[in-house]
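Numbering of ligands and ligand atoms starts at 1, following listing order.
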Amino acid sequence: MQEPTAPQKQIIFSGIQPSGTPTLGNYIGAMRHWQRMQQDYRCIYCVVDLHTLTVRQSPAALRKQSLEMLALLLAVGLDPAQTVLFLQSHVSGHAELNWVLSCYTYMGELSRMTQFKEKSARHADNINAGLFAYPVLMAADILLYQAHLVPVGADQKQHVEICRDVALRFNGLYPGAFTVPEPYIAPNGARVYSLQDPAHKMSKSDAEDTYISLLDRPDVVRRKIKRAVTDSDGEIRYDPQTKPGVSNLLTILAALQGNSVADCAAALAGMGYGALKDAVAQTVVDTLSPMQARFDALMADKPYLEQVLAQGADQADRIARRTLEKVYKKVGLCPRPR
Ligand code: AQP
């Protein structure tokens with residue numbers, strides 16, 4: 001009798017830029033879901049170092065941050081025995097598919113991207129073509145692996161949508177080229193805001209006191225949360241419109257405790273903002289401390305980190321080559337004689 005074949009797992013792809021130490025926003029909006037999804041999906045996660053070049057970086061800092069990012073992903077619980085983990089620049093297919101897709105992406109659709117508008121305002125002295133074409137490289141990242149789902153924070157939804165549009169356009173011309181991916185955006189904590197300016201999302205490349213980094217030690221966490229902007233009415237209530245600072249703290253608390261914001265607000269009803277901040281700080285410290293201990297141990301074992309990177313690059317490259325060969329053939333490029 002023939003053995004029944006196991007159903008194929010759906011493929012997940014996502015990436016994170018080594019543009020600094022990841023923040024609580026990166027963790028709540030993306031990384032914690034990546035960890036949770038490993039059992040049920042075929043997961044491919046990438047440190048997207050090429051994307052980071054869209055903003056000027058110090059070469060030495062970028063190298064350091066890339067390795068630290070890998071160590072943090074492992075510390076969060078990503079397991080290289082079941083998940084592909086690699087650096088984007090180690091798999092040349094990303095840059096190659098990027099070129100092909102850039103010939104199927106319109107200037108008009110790229111110019112509507114919110115992130116381009118925000119980042120070009122912030123880096124007015126360096127509005128480069130890479131910053132403008134960022135979503136094309138992101139589409140290449142995703143489509144190379146024929147991903148079904150892309151777990152991201154809400155800020156990246158627009159980029160996954162443009163990736164879908166490009167995939168559908170390309171498939172319309174060359175049927176069967178790509179799996180058309182869906183964004184996966186968790187309802188709770190999809191957007192964590194700056195501690196100092198809760199109208200803006202928390203970002204790892206903003207000023208230090210606006211974010212909590214996953215490597216902030218307990219005293220720093222407590223100090224930053226104590227200084228977080230709230231309001232003057234004194235009531236602990238979730239209302240992002242009129243109480244963005246308090247609502248942001250409740251979002252962080254709820255996401256890390258696995259409760260709803262309503263339950264968190266109810267548990268603190270009648271107390272002052274000091275109690276809310278103490279609860280958030282303690283929950284953040286309890287979440288980060290074990291992660292930081294694992295990170296410290298991993299950073300002391302560079303040969304292991306390099307082995308993970310080499311294995312991940314080989315695994316990713318094999319998948320990427322298959323898609324790239326298919327795409328090159330479909331668009332009419334001649335195969336290289338062997
Ligand atoms: N504040 C946030 N709340 C929820 N999710 C967030 N993400 C980022 N910020 C928040 C999600 O984290 C994943 C990795 O993001 P990224 O590093 O690739 O790029 P980003 O979105 O541009 O993140 P940053 O921290 O703001 O980086 P910089 O400062 O370099 O631009 C993504 O899934 C993102 O949605």
Side-chain touch Phe13/Leu149, heavy atoms, less than 4.5 angstrom
no
Looking at Val220, Val284, Val285, which one forms a side-chain contact (heavy atoms from CB on, under 4.5 Å) with Ile225?
Val284
Applying the side-chain contact (heavy atoms from CB on, under 4.5 Å) test to Gln17, which of Val48, Val47, Leu53 qualifies?
Val48
Element-labelled atoms of ligand 1 that are located less than 4.0 Å from some non-hydrogen atom of Gly15
14 (C), 18 (O)
What protein heavy atom lies closest to [atom]? Include the residue and the distance to one decimal.
atom	result
atom 15 (O) of ligand 1	Asn26 ND2, 3.5 Å
atom 17 (O) of ligand 1	Lys204 NZ, 2.4 Å
atom 3 (N) of ligand 1	Val192 N, 2.9 Å
atom 28 (P) of ligand 1	Ser205 OG, 3.3 Å
atom 30 (O) of ligand 1	Ser19 OG, 2.6 Å
atom 9 (N) of ligand 1	Lys201 NZ, 3.3 Å
atom 5 (N) of ligand 1	Gly25 O, 3.2 Å
atom 34 (C) of ligand 1	Asp155 OD1, 3.3 Å

State whether the shortest distance between N or O atoms of Gln17 and N or O atoms of ligand 1 falls below 3.5 angstrom.
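Yes.
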Check whether any N or O atom of Val48, backbone or side chain, sits under 3.5 Å from an N or O atom of ligand 1, and answer yes or no.
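Looking only at distances, the answer is no, because the N/O contact criterion of under 3.5 Å is not met.
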May I ask you to identify, for [X], whether its side chain, its backbone, both or neither come under 4.0 Å of ligand 1 on a heavy-atom basis?
X	answer
Ala190	backbone
Ala30	side chain
Arg191	backbone
Ser203	both

Scan residues 186-198 for pairs that pass side-chain hydrogen bond (donor to acceptor under 3.5 Å, both in side chains), counting only residues two or more places apart or in two chains.
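Checked against side-chain hydrogen bond (donor to acceptor under 3.5 Å, both in side chains) - neighbours excluded - the pairs reaching residues 186-198 are Asp197-His200.
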Before accepting this row, confirm whether a basic side-chain N of the pair Lys64/Glu68 lies closer than 4.0 Å to the acidic partner's carboxylate O.
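Yes, charged N to carboxylate O under 4.0 Å.
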Residues Asp296 and Arg217 bridged, charged N to O under 4.0 Å:
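Salt bridge present between Asp296 and Arg217.
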Does any N or O in the side chain of Lys277 come within less than 3.5 Å of the main-chain N or O of Gly272, such that one atom is a donor and the other an acceptor?
no
Does even one non-hydrogen atom of Met31 get within less than 4.0 Å of ligand 1?
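For ligand 1, residue contact (heavy atoms, under 4.0 Å) with Met31 is absent.
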Looking at ligand 1, is there an atom of it that comes within less than 4.0 Å of some heavy atom belonging to Ile16?
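Per 4.0 Å heavy-atom rule, Ile16 contacts ligand 1.
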Can you confirm whether [X] is buried at [atom1], in the sense that more than 12 heavy atoms of other residues, nucleotides or ligands lie under 6.0 Å from that atom?
X	atom1	result
Lys329	NZ	no
Lys330	NZ	yes
Tyr41	OH	no

Angle class for the Tyr145/His94 ring planes (parallel below 30°, perpendicular above 60°, tilted otherwise)?
tilted
